[in-house]
Amino acid sequence: MSGMQHGLGGLGNNQAGMSEQEQAMVKMMQAGMESCPVKTVISGTMGFALGGAFGLFMASMSYDSPLTPQGREIADLPWREQVRRGFKDMGKRSFSSAKNFGIVGALYSGTECCIEGLRAKNDLTNSVAAGCMTGGILGAKAGPQAAAFGCVGFAAFSAAIDAYMRMPSEE
């Protein structure tokens, strides 16, 4: 069991059998993964990808009923035009969702990383503060009340997720 723990816990420090160039590359990658700009870009990219998949799924599930005026208009078109418009709509919705998820992911991750750097601690307070700032920024366009609700809502969601992620596993 101690070998298993050592093998998992020492992944970052186990550089035996590596050349100096490989060790330097590993150190550079570790430093990059700890930098706020890299974390922000990675989170934004992952959010964009997840948002695109989510948007594509949601767009594929929505369709106009032939009973609505828009649905009748589309139903009267030739089949190829219906498919073309459907794919165009799916692409627009998917990109819109991807963009929004990417912005939220990058904003939250960058804010949390900066707060963690300023406080020099990694605890639940960072997540709550980053969630509040992210929610406030996202709601700011709609006014101060929306910013306050965004702050409270996103902070509560961030706290719940972080608290769940910090729970000890039952292994």
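Being a predicted model, the structure only gives us computed values, none of them experimental.
Under the 4.5 Å side-chain heavy-atom criterion for ILVMFWY residues, no single connected hydrophobic cluster contains both Met133 and Val128.
Residues passing the disulfide (SG to SG under 2.5 Å) test with Cys113, sequence neighbours excluded: Cys36. In terms of the side-chain hydrogen bond (donor to acceptor under 3.5 Å, both in side chains) criterion, residue partners of Arg84 (sequence neighbours excluded) are, by chain and number, Glu81. Judged as a side-chain hydrogen bond (donor to acceptor under 3.5 Å, both in side chains), and not counting sequence neighbours, the contacts of Asp162 are Ser127, Arg166. Here Lys99 pairs with Phe95, Ile103 under the side chain to side chain contact (heavy atoms under 4.5 Å, CB included) rule; sequence neighbours left out. Every residue two or more places apart in sequence or in another chain that forms a side chain to side chain contact (heavy atoms under 4.5 Å, CB included) with Ser96 is listed here: Asn100. Scored by the side-chain hydrogen bond (donor to acceptor under 3.5 Å, both in side chains) test, Thr40 finds no partners at all (sequence neighbours excluded). A search for side-chain hydrogen bond (donor to acceptor under 3.5 Å, both in side chains) contacts involving Asp89 returns Arg93, not counting sequence neighbours. With sequence neighbours left out, Phe54 forms a ring pair (Phe, Tyr, Trp, His ring centres under 6.0 Å) with Phe101. Ala98 pairs by the side chain to side chain contact (heavy atoms under 4.5 Å, CB included) definition with Phe48, not counting sequence neighbours.
Hydrophobic side-chain contacts under 4.5 Å tie Phe157 into a cluster, directly or through other members, with Ile161, Tyr164, Met165, Met167. Residues Leu56, Val83, Phe87, Met90 make up the rest of the hydrophobic cluster containing Trp79, defined by ILVMFWY side-chain heavy atoms closer than 4.5 Å, directly or through other members.
The shortest non-hydrogen separation linking Gly135 to Phe154 is CA-CB, 3.8 Å. Across Ser43 and Gly105, no two heavy atoms sit closer than the pair CB-O, 3.5 Å.
Remark: the backbone N or O of Gly51 is paired with a side-chain donor or acceptor of Ser97 at under 3.5 angstrom.
Atom CG of residue Leu107 and atom CD1 of residue Ile137 lie 4.5 Å apart, to the nearest 0.5 angstrom.
Among residues at least two apart or in separate chains, salt bridge (charged side-chain N to carboxylate O under 4.0 Å, His left out) pairs with a member in residues 112-133 are Arg119-Asp123.
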